[in-house]
Amino acid sequence: MSMEKLALHGGPKAVPELGPFPTKIGKEELWEILSMWQFSPPTAQKLRELIESEAEVKGPHLFRYYNPQPSKVAAAETALRELIGTRHCLAVNSCTSALVASYRALGIGAGDEVIVPAYTFFATAATVASSNAIPVIVDVDDSLTMAPDQIEKAITKRTKAIVPVHMRGAPAQMDAILDLARRKGLPVVEDVAQAAGGSFNGRRLGSLGTMGCFSFDYYKIIVSGEGGFVTTDDEWLYTRAQSWHDCAACWRPDRFAQERREGELFCGENYRMSELEGAVALAQIRKTGDLLARYRKAKQQIKDAIEPVPGVSFRRLTDAVGDTGICLVWFLPTAAQTRQAIEALQAEGVPAGGIYDSKIRDWHIYHYWEHILDKKAVASDGLPWSAVPAPQLPPYARDMCPRTLDLLSRAIMLDIHCEYTPRDCAAIARGINKVLRAILK
Ligand SMILES: Cc1ncc(COP(=O)(O)O)c(C=O)c1O
């Protein structure tokens with residue numbers, strides 16, 4: 001049998017050419033995406049015909065890394081970084097993931113304590129526990145954000161971070177919190193899930209603390225269905241958050257390089273954002289300025305038209321200019337009057353609601369976080385609670401933050417719609433005036 005000359009030695013190649021193969025994602029997938037937009041049947045038909053008329057089309061990669069096309073996720077990171085004004089920005093698949101990635105980047109783990117507010121979506125606190133650390137829950141004040149005096153009291157030698165939440169679109173008390181954190185040498189992780197685009201003293205939320213965590217889930221200001229971002233000025237924390245968000249990929253400047261410094265290589269998880277969410281997030285980030293202008297205008301019109309009534313006060317804003325305008329909150333003297341007013345407002349067609357009612361479970365209020373209050377563990381190791389001698393755990397109790405429960409039981413909340421017309425705003429304010437006058441006569 002004659003020996004063929006190897007290609008290595010100048011012989012013909014055994015496999016001269018492979019492909020081109022169609023891309024994995026093609027017209028069918030595009031059609032599934034387009035069908036989520038509710039086009040009229042004639043337009044949908046035209047779109048379908050137009051797409052089918054194209055003989056062959058290269059589909060998208062949909063994975064941010066090794067993407068032959070410019071990555072939408074990377075573009076969204078750049079856009080958010082520029083909007084918020086930080087040196088680094090990392091896209092992840094949720095704010096829950098952003099919080100865990102931030103806590104882990106900061107080296108928070110078993111036996112550490114993290115201070116969170118009593119009024120926030122449960123994820124802020126749950127992620128502390130799922131990072132194996134202990135959430136320390138503190139009261140909010142009439143700004144409905146963490147009370148700085150309570151934070152100071154809650155600091156122990158185990159404290160590893162403070163997590164202010166810019167709740168319902170309004171900035172937390174960042175001057176006092178940053179001052180305290182500086183004095184105590186503690187990092188601040190801002191939970192910006194509900195306040196993307198807001199600012200405090202002229203600086204965008206998410207750029208004031210050590211790290212900022214954003215949510216792009218569907219119910220937030222700017223959305224991509226699911227999605228989140230971490231912002232920071234600190235390159236080391238960015239690198240560590242990035243490693244946590246993509247287990248074993250170890251991107252860094254050089255993916256397969258040896259560890260440059262202890263703490264650079266560790267086992268993480270997978271919180272990567274897909275290119276589909278990246279594309280939507282990019283378009284949404286570009287809309288932020290316009291959206292906020294509309295929210296703020298509608299809120300201001302309603303607020304200005306509410307007549308003063310003795311005993312009624314608005315939620316204190318730490319920075320009225322930096323408030324995103326997505327929500328108007330005011331307090332009544334008693335919980336009973338508040339319940340009565342809410343019923344009357346809803347009967348008038350005003351879409352207002354309460355925040356805390358002792359009979360209605362709500363994951364935004366620590367009182368219902370039995371996972372934490374009852375120290376539930378996911379595994380038999382009993383973590384995070386078993387990492388600390390039981391007497392040294394925070395004295396959790398359902399009534400441990402009475403100021404929060406009192407304020408929230410007397411609060412009425414009106415979510416502002418950015419599509420409200422001046423007429424809608426006037427009608428809503430009229431309804432509020434009518435009810436408050438009747439109830440507090
Ligand atoms: C204050 C706050 N933090 C964190 C989260 C979690 O965000 P995600 O749904 O993106 O995980 C939310 C979502 O509701 C939130 O409101």
Side-chain angles (χ1 to χ4, degrees), residues 73 76-77 80 89-104 114-131 133 135 137-138 140 143-146 161-174 177 188-198 200 205-206 208-209 211-231 241 244-245 269-274 276-278 280-281 284-285 315 318 323-324 326-327 329 353 355-356 361-366 368-369 371-372 404 408 413 415-416:
V73 175
E77 286 175 343
L80 194 70
C89 179
L90 173 74
V92 290
N93 53 13
S94 70
C95 184
T96 302
S97 302
L99 287 161
V100 178
S102 299
Y103 299 154
R104 292 316 217 172
V114 175
I115 301 178
V116 298
Y119 177 46
T120 176
F121 184 62
F122 180 50
T124 319
T127 45
V128 174
S130 67
S131 302
I137 302 166
V138 300
V140 298
S143 70
L144 297 189
T145 66
M146 259 175 157
I162 302 171
V163 189
V165 179
H166 307 298
M167 202 53 185
R168 305 282 177 210
Q173 301 167 70
M174 293 308 291
I177 292 172
V188 171
V189 178
E190 290 175 76
D191 183 333
V192 200
Q194 300 194 3
F200 182 82
L205 305 178
L208 294 119
M211 306 185 88
C213 298
F214 292 75
S215 173
F216 273 49
D217 84 26
Y218 187 71
Y219 298 98
K220 300 303 186 292
I221 299 175
I222 38 177
V223 307
S224 54
E226 294 281 9
F229 290 85
V230 177
T231 49
W244 183 268
H245 112 294
E269 303 204 347
N270 172 8
Y271 297 167
R272 288 188 306 259
M273 179 185 272
S274 101
L276 280 180
E277 284 136 1
V280 179
Q284 287 271 310
I285 293 165
R315 168 194 190 180
T318 63
D323 173 28
T324 58
I326 60 162
C327 189
V329 180
I355 299 185
Y356 170 61
R361 277 163 76 76
D362 184 333
W363 294 136
H364 291 86
I365 303 157
Y366 84 93
Y368 295 108
W369 298 345
H371 336 45
I372 292 174
T404 302
L408 298 183
M413 177 170 76
D415 282 330
I416 306 291

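Whatever order the structure lists ligands and atoms in, that order sets their numbers, starting from 1. Since the model is a prediction, treat every value here as computed from it, not as a measurement.
A heavy-atom separation below 4.0 Å is found between Lys220 and ligand 1.
Protein heavy atom closest to atom 12 (C) of ligand 1, with residue, atom name and distance, is Phe121 CD2, 3.7 Å. Of the protein's heavy atoms, Cys95 CB, 3.2 Å lies nearest to atom 7 (O) of ligand 1. Scanning all protein heavy atoms for the shortest distance to atom 2 (C) of ligand 1 gives Ala193 CB, 3.3 Å. Looking at atom 11 (O) of ligand 1, its nearest protein heavy atom turns out to be Thr96 OG1, 2.5 Å.
Met174 has its side chain within reach of Pro164: a pair of non-hydrogen atoms, C-beta onward, lies under 4.5 Å apart.
For Ser94, heavy-atom contacts with ligand 1 shorter than 4.0 Å involve the backbone as well as the side chain.
Ring orientation note: the planes of Phe121 and His364 are tilted relative to one another, at an angle of 30° to 60°. The aromatic rings of Tyr271 and Trp244 stand perpendicular to each other, their planes meeting at an angle above 60°, with 30° marking the opposite boundary.
Checked against a 3.5 angstrom limit, the closest N/O atoms of His364 and ligand 1 fall outside it. Looking at ligand 1, you won't find any N or O of Thr120 less than 3.5 Å from one of its N or O atoms.
Taking every non-hydrogen atom of Ala123 and a distance limit under 4.0 Å, the qualifying atoms of ligand 1 come out as 4 (C), 5 (C), 6 (C). For ligand 1, the atoms sitting less than 4.0 Å from at least one non-hydrogen atom of Thr124 are 3 (N), numbered in the order shown with element in parentheses. Ligand-side atoms of ligand 1 in range of Val165: 1 (C), range being under 4.0 angstrom from any heavy atom.
Taking OG1 of Thr120 as the start and CD1 of Ile137 as the end, the distance is 10.5 Å to the nearest 0.5 Å.
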Note to self: Test side chain to side chain contact (heavy atoms under 4.5 Å, CB included) on Leu99 and Asp191; report intermediate values, then the result.
What the structure shows: CA-CA 8 Å; Leu99 287 161; Asp191 183 333; 3.9 Å; yes
Next item on the list: Check the pair Leu90, Phe229 against side chain to side chain contact (heavy atoms under 4.5 Å, CB included), reporting the backbone distance first and the verdict last.
Entry: CA-CA 5 Å; Leu90 173 74; Phe229 290 85; over 6 Å; no
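Proximity of the aromatic rings of His371 and Phe122 is defined here by a centroid distance below 6.0 angstrom, and this criterion is met.
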